[in-house]
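Counting convention: from 1, in listed order, for ligands and their atoms alike.
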Amino acid sequence: MSILECRDLCITRGQAQVVSDLTLSVRQGEWLAVVGPNGAGKTSLLHAIAGLIPLSGELRLAGQNPATLTRRQYARIVALMPQQPAVPAGMSVRELIALGRTPFLHRFGTESSDDRRAVDTEIIRLGLTEFADRPVDQLSGGELQRVILARALVQEPRLLLLDEPTSALDIGHQQTVLELVDQLRRERGITVLAAMHDLTLAAQYADQMLLVERGRLVDSGRPSDVLQSVQLNRTYGARVEVLARDSGPAVIPVRPNRA
Ligand SMILES: Nc1ncnc2c1ncn2[C@@H]1O[C@H](COP(=O)(O)OP(=O)(O)OP(=O)(O)O)[C@@H](O)[C@H]1O
């Protein structure tokens with residue numbers, strides 16, 4: 001079953017069309033990586049799917065037209081881990097994560113034991129116990145990124161949208177966090193749509209990959225098909241070498257020869 005289907009999707013920001021005629025389909029439990037240079041439209045795509053900015057074309061979430069969903073129904077299908085989260089000053093880590101439970105709250109906004117258990121579980125899973133009562137504006141970039149992921153996970157979404165989920169993480173936490181998301185994907189059948197700049201890491205986790213440039217699809221398919229050095233050199237204006245590894249293709253930057 002497709003959890004996400006987009007047909008001829010277009011997104012306009014300001015005066016410019018930043019995503020053009022994008023068609024894609026993601027099956028339940030699949031991991032789709034969206035890659036492409038700065039300004040390619042990855043964040044715009046994720047935000048439009050999350051219902052934060054308008055789009056034209058067709059979008060179906062779990063087979064449903066999002067226009068027919070209430071905000072609460074929407075939030076029980078899709079959770080976004082944004083690249084630049086708003087961080088309310090003075091709010092504690094636990095309080096910020098608990099915001100992810102808003103779609104589950106009862107009429108008078110009181111937390112149930114299920115809500116508290118969900119928050120505690122993610123605090124432990126993401127190694128945030130020692131920060132739980134600290135104000136979120138007193139965290140490092142990488143600690144905050146894990147808090148924002150925890151907020152998305154307590155929402156128990158069917159589709160998890162990750163915008164550069166590991167950009168602030170050290171290599172150990174990158175692996176921990178991506179393994180955790182992959183484990184949830186396998187155990188709960190969560191579908192993952194992740195915009196990532198680290199192509200080697202993206203290839204290790206994604207089943208499918210979309211390469212976009214200036215809002216248009218350049219290529220799609222398995223990571224080993226999409227990550228070809230000629231195509232990457234052209235799309236990114238970079239010099240890279242792609243090595244075939246058991247864990248997937250590894251993309252290595254090559255420094256131009258100096259005179
Ligand atoms: N609020 C906005 N108003 C006008 N243009 C915008 C706005 N937000 C983004 N854009 C433009 O839309 C285009 C796509 O931006 P977007 O953030 O979606 O790209 P991206 O692929 O996520 O980039 P990056 O890899 O740098 O995060 C860019 O040209 C950007 O300048």
Q: Answer yes or no: is there an ion pair linking D21 with R216, defined by an N-O contact shorter than 4.0 Å?
A: yes

Q: Give every residue pair that meets the salt bridge (Lys or Arg N to Asp or Glu O under 4.0 Å) criterion with at least one member in residues 142-156, sequence neighbours excluded.
A: R101-E156

Q: Verify, without hydrogens or angle tests, whether K42 (side chain) and P37 (backbone) share a donor-acceptor contact under 3.5 angstrom.
A: yes

Q. Within a radius of less than 6.0 Å around CZ of R222, do more than 12 heavy atoms belonging to other residues, nucleotides or ligands occur?
A. no

Q) Any side-chain donor paired with an acceptor under 3.5 Å for Y236 and E213? A) no

Could you go through ligand 1 and list every pair where one of its N or O atoms sits under 3.5 Å from a protein N or O, giving the atom names and the distance to one decimal?
unit_1   : atom_1 : unit_2 : atom_2 : d
ligand 1 : 8 (N)  : R13    : NH1    : 3.3
ligand 1 : 18 (O) : S44    : N      : 2.9
ligand 1 : 18 (O) : S44    : OG     : 2.6
ligand 1 : 19 (O) : G41    : N      : 3.2
ligand 1 : 21 (O) : A40    : N      : 3.0
ligand 1 : 21 (O) : G41    : N      : 2.9
ligand 1 : 21 (O) : K42    : N      : 2.9
ligand 1 : 21 (O) : K42    : NZ     : 2.8
ligand 1 : 22 (O) : T43    : N      : 2.9
ligand 1 : 22 (O) : T43    : OG1    : 2.8
ligand 1 : 23 (O) : G39    : N      : 2.8
ligand 1 : 25 (O) : N38    : ND2    : 3.2
ligand 1 : 25 (O) : K42    : NZ     : 2.8
ligand 1 : 25 (O) : H197   : NE2    : 2.9
ligand 1 : 26 (O) : N38    : ND2    : 3.0
ligand 1 : 26 (O) : G39    : N      : 3.4

Q) Once you round to the nearest 0.5 Å, how far does CD of Q73 lie from CZ of R76? A) 9.5 Å

